[in-house]
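Remarks on the structure that follows.
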Amino acid sequence: MALSGKTVERLSIYRRLLTVQGFSGEDYVYSHDLAEMISGTAAQVRRDLMEVGVTGHSKRGYRVDEMVAKISELLDQPGGTELVLVGAGDLGRAVLGFIKGQRTAMRIAGAFDNDPTKIGCLIHGYRCQSIDALEDVVRANGIEVAIITTPAAGAQEVCDRLVAAGVRGIANFAPTPLQVPDGVWVERIDIATALEKVTCLTRAAKAFAGSDK
């Protein structure tokens, strides 16, 4: 099944809304209810759900349990997905804490850093290992997904090592783009850019509102 990244992103949000934010006790939900919560359209919701084989009832809407099950079949690898994280600084610690607190099929197989003061320490229940052991752990566990939370200067080298060891998907929190070969997916999560975007658009919206007065 070939889905766009945006479709997968929306499906993940639907599942989170259905299981966490108010619909977990409901048997059915309408497409326009989900659309309203994500500031989207009911038509888009229906198209996304058709992609995973979920059909609704004209009077009752969609069965919540069926939606969650079908979306989970797509998003979750059977038996769960093991990941590695490289970069155990403040951001890396925050990401580890987030994953630890989620009911998710993702599991951290190893956290790595090159700082001797961090190696051997427990971080949210995960023991930080030396970066020297990275490739061995990735290969031994068949790891295909990694998280990079290093400073920008070391991110590309870490990326190259991960790809050479067999990783095919990277969530990149480092504040720099990564160059990867074909067949490797990189999702860039740029917190600074997101904040600058929010700040700029907020300022622009305020100026526009002021011009109408």
Side-chain angles (χ1 to χ4, degrees), residues 3-13 15-16 74-77 79-201:
L3 296 177
S4 71
K6 288 295 184 182
T7 300
V8 173
E9 185 177 310
R10 287 192 299 269
L11 288 168
S12 176
I13 293 172
R15 182 172 67 169
R16 189 158 62 248
L74 172 72
L75 298 182
D76 299 338
Q77 182 172 314
T81 300
E82 289 193 313
L83 309 89
V84 294
L85 178 142
V86 185
D90 292 340
L91 181 55
R93 289 170 179 265
V95 173
L96 288 172
F98 174 79
I99 293 175
K100 184 75 170 182
Q102 298 298 300
R103 294 179 179 179
T104 176
M106 296 180 291
R107 299 188 301 274
I108 297 294
F112 301 86
D113 204 281
N114 61 1
D115 183 347
T117 65
K118 296 186 177 79
I119 296 170
C121 295
L122 281 177
I123 304 172
H124 297 292
Y126 305 108
R127 191 168 299 282
C128 183
Q129 302 179 55
S130 169
I131 191 72
D132 294 338
L134 179 61
E135 287 88 346
D136 288 342
V137 172
V138 169
R139 293 190 177 105
N141 292 278
I143 303 296
E144 294 184 332
V145 180
I147 305 168
I148 295 179
T149 50
T150 66
Q156 186 62 56
E157 179 185 352
V158 167
C159 173
D160 293 343
R161 292 175 62 176
L162 288 167
V163 171
V167 166
R168 292 295 174 263
I170 297 172
N172 178 32
F173 285 84
T176 185
L178 297 175
Q179 302 300 316
V180 296
D182 291 341
V184 177
W185 179 274
V186 175
E187 184 73 15
R188 187 179 179 191
I189 301 101
D190 193 325
I191 297 173
T193 297
L195 289 172
E196 289 169 353
K197 178 181 177 181
V198 170
T199 301
C200 180
L201 294 180

Quiz item: Does Lys118 offer a backbone N or O that forms a donor-acceptor pair with the side chain of Asp113 under 3.5 Å?
Solution: no

Self-check item: Side-chain donor or acceptor of Ser4 paired with backbone N/O of Thr7 under 3.5 Å
Solution: yes

Quiz item: What closest approach, in Å, do Phe112 and Cys128 show between heavy atoms, and which atom pair accounts for it?
Solution: C-SG, 4.1 Å

List, one per line, each side-chain donor-acceptor pair under 3.5 Å for residues 183-195, sequence neighbours excluded.
unit_1 : atom_1 : unit_2 : atom_2 : d
Trp185 : NE1    : Glu187 : OE1    : 3.4
Arg188 : NH2    : Asp190 : OD2    : 3.0
Asp190 : OD1    : Ala192 : N      : 3.2
Asp190 : OD1    : Thr193 : N      : 2.9
Asp190 : OD1    : Thr193 : OG1    : 3.2
Asp190 : OD2    : Thr193 : OG1    : 2.9

Self-check item: Pairwise distance CG(Leu85) to OG1(Thr149) - rounded to 0.5 angstrom
Solution: 4.0 Å

Quiz item: Roughly how far apart are Asp136 CG and Asn141 CG, rounded to 0.5 Å?
Solution: 10.5 Å

Practice problem: Compare every heavy atom of Ala174 with every heavy atom of Pro151, then report the nearest pair and how far apart it is. | Solution: O-CB, 4.4 Å

Quiz item: Counting N and O atoms only, with roles assigned by atom type, does the side chain of Arg127 sit under 3.5 Å from a partner on the main chain of Gly120, one being a donor and the other an acceptor?
Solution: yes

Quiz item: When you measure from the side chain of Glu144 to the backbone N and O of Gly169, does any donor-acceptor pair fall under 3.5 Å?
Solution: no

Quiz prompt | Heavy-atom closest contact (Thr176 atom, Ala152 atom, distance) | solution = CG2-O, 3.7 Å

Quiz item: So, Arg161 side chain and Ile131 main chain: donor-acceptor pair closer than 3.5 Å or not?
Solution: yes

Quiz item: Which pair of non-hydrogen atoms, one from Arg93 and one from Ile123, has the smallest distance, and what is that distance?
Solution: CG-CG2, 3.6 Å

Quiz prompt | Inter-residue atom distance Leu96.CG - Ile147.CD1, 0.5 Å rounding | solution = 7.0 Å

Quiz item: Minimum heavy-atom separation for Val163 to Pro181, with atom names?
Solution: CG1-CG, 3.9 Å

Quiz prompt | Contact summary for Ile148 and Leu178, nearest pair of heavy atoms | solution = CD1-CD1, 3.9 Å

